[in-house]
Asker: 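Shown below is the structure under consideration.
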Amino acid sequence: MVKLIIRYHQVVCKVQKQKPIYLLYGNERFLIEEKRKTLIGNDINEFDVNVYDMTETPIEMALEDAETLPFLSDKRIVIIKNPYFLTSEKKLASQSEVEHNLKKLEQYLENPSPYSLVIFEAPYDKLDERKKIVQLLKKAAQVFEASALQDKDVHAWLHSESRKLNIEMDDDAVKHLYRLVGKDLKKLRNELVKLSLYVGENGRVTEETLDLLVSRSLEDNIFALVDHVVNKRMTEAFQTLRDLIEQKEEPIKIVALLARQFRMIAQVHTLRKKGYTTKQMANHLKLHPFVVQKTLQQANQFSQTECHRMIQQLAEADYFMKTGKYDKQILLEIILTKIA
């Protein structure tokens, strides 16, 4: 009995070093996942980690678990996902028929269990600050906001993550990786891990390394496809098209993205006539300045009238594909020939 009391005292003292409640919210899910992993650590037993989805389970069930002594670890971890009752979005609430006893949650927030760690994961842009439960939770919890990062913040994050992986990347390489992959932090992290395995510890990642190893998005491949055609590199254009088909990309989607690219070229024509700078175009079109710069180069090869004609022909190709009138790949090859 004495040993049990000592053990209980040790558990309580150790857990008290960490806040008993954490609120992780924001639209950057990857940052939420990383913060959760940090909070949980590596020495926790899986029997003491339980996840509750608030669209399927009432909050009181999760709280009962939080009030139970841990089994094989120093603390019990209770992860509460999708707590939609913290927002004002009715569409989120309509997805669930579960009723939650928020009075029970209020009571728990006033007197949280000292031997449990409760983590609320709310992947929402905003919480409803007018709600009493939000006010109480923010007061009781350690709050971590995971908002989408701005361009410069993503660059800084990439530098930080590359240092953790013991690889070297200069500013040009970081910006090139960002251009290739975009803002998705999870994809960026995966690419960094792949690069670290290739160059080895203390290895240097260059733009050439990135072009060799980094997986390009469908949009990037479409951009490259148009660029090949614009510059009359038809062998490369048809090879890129074959690669896309082999990767099981849907031809209808390729046509839609080709049309989008020609709309962008037409738009930069209009904005250039109005005297917009590259930066102003990027802000107006919500595109990376590098993309606008490349599109401006393509605009030198196509007039606005030609762009509109191509968009019309792509619309016809889309119709023929959807009605099954012609083979999709043959239609795409005809389109590329017409562009050239």
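Predicted model, so just to flag it, every value in this text is computed and none were measured.
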Asker: Only one of Asp53, Thr87, Thr55 forms a side-chain hydrogen bond (donor to acceptor under 3.5 Å, both in side chains) with Asn82, so which one is it?
Answerer: Asp53
Asker: How would you list, by chain and number, every residue that makes a side chain to side chain contact (heavy atoms under 4.5 Å, CB included) with Leu285, sequence neighbours excluded?
Answerer: Gln267, Val268, Leu271, Leu287
Asker: Has Lys35 got a side-chain atom pairing as donor or acceptor with Phe144's backbone, closer than 3.5 angstrom?
Answerer: no
Asker: First locate atom CG of Leu102, then atom CG of Leu137, and finally report the distance between them rounded to the nearest 0.5 Å.
Answerer: 11.0 Å
Asker: Before accepting this row, confirm whether a basic side-chain N of the pair Arg76/Asp48 lies closer than 4.0 Å to the acidic partner's carboxylate O.
Answerer: yes
Asker: Do Ile330 and Leu241 sit in the same hydrophobic cluster, where Ile, Leu, Val, Met, Phe, Trp and Tyr count as joined when their side-chain heavy atoms come under 4.5 Å apart?
Answerer: no
Asker: Does Tyr108 reach the main-chain N or O of Ser113 with its side chain, forming a donor-acceptor pair under 3.5 Å?
Answerer: yes
Asker: With distance as the sole test, does Asp128 use its side chain to make a donor-acceptor pair with the main-chain N or O of Arg130 at under 3.5 Å?
Answerer: yes
Asker: Looking at Ala266, is its backbone amide N or carbonyl O close enough to the side chain of Gln304 to form a donor-acceptor pair, meaning the two atoms are under 3.5 Å apart?
Answerer: yes
Asker: Check whether any side-chain N or O of Ser160 sits under 3.5 Å from a backbone N or O of Ala156 as a donor-acceptor pair, and report yes or no.
Answerer: no
Asker: For the backbone of Met54 and the side chain of His100, can you confirm whether one donor and one acceptor N or O come within less than 3.5 Å of each other?
Answerer: yes
Asker: Using the rule that two of Ile, Leu, Val, Met, Phe, Trp, Tyr join whenever any of their side-chain heavy atoms come within less than 4.5 Å, decide whether Ile334 and Ile245 are in one cluster.
Answerer: no
Asker: Taking only residues two or more places apart in sequence, or in another chain, which ones meet Glu34 in a side chain to side chain donor-acceptor pair (under 3.5 Å)?
Answerer: none
Asker: Between the main-chain N or O of Glu129 and the side-chain N or O of Gln135, is there a donor-acceptor pair closer than 3.5 Å?
Answerer: yes
Asker: How long is the gap from CD1 on Ile133 to NZ on Lys138, to the nearest 0.5 Å?
Answerer: 13.5 Å
Asker: Once you round to the nearest 0.5 Å, how far does CD of Glu333 lie from CE of Met234?
Answerer: 9.5 Å
Asker: Applying a strict under-4.5 Å side-chain criterion to I, L, V, M, F, W and Y, I'd like to know whether Tyr319 and Leu336 cluster together.
Answerer: yes
Asker: Has the side chain of His269 got a donor or acceptor atom that lies under 3.5 Å from a matching backbone atom of Phe302?
Answerer: yes
Asker: Any donor and acceptor pair, going by atom type alone, linking the side chain of Tyr115 with main-chain N or O of Ala66 inside 3.5 Å?
Answerer: no
Asker: Is there a path of hydrophobic side-chain contacts, each under 4.5 Å between heavy atoms of I/L/V/M/F/W/Y residues, joining Tyr326 to Leu332?
Answerer: yes
Asker: To the nearest 0.5 Å, tell me how far Asp184 CG sits from Glu28 CD.
Answerer: 7.0 Å
Asker: Tell me whether Thr209 contacts the main-chain N or O of Val205 through its side chain, where contact means a donor paired with an acceptor under 3.5 Å.
Answerer: no
Asker: Salt-bridge test for Lys328 and Glu250: reply yes if a basic N is under 4.0 Å from a carboxylate O, no otherwise.
Answerer: yes
Asker: Would Asp170 and Arg204 pass as an ion pair if we require N to O under 4.0 Å?
Answerer: yes
Asker: If you round to the nearest 0.5 Å, how far is CD of Glu99 from CD of Glu60?
Answerer: 9.5 Å
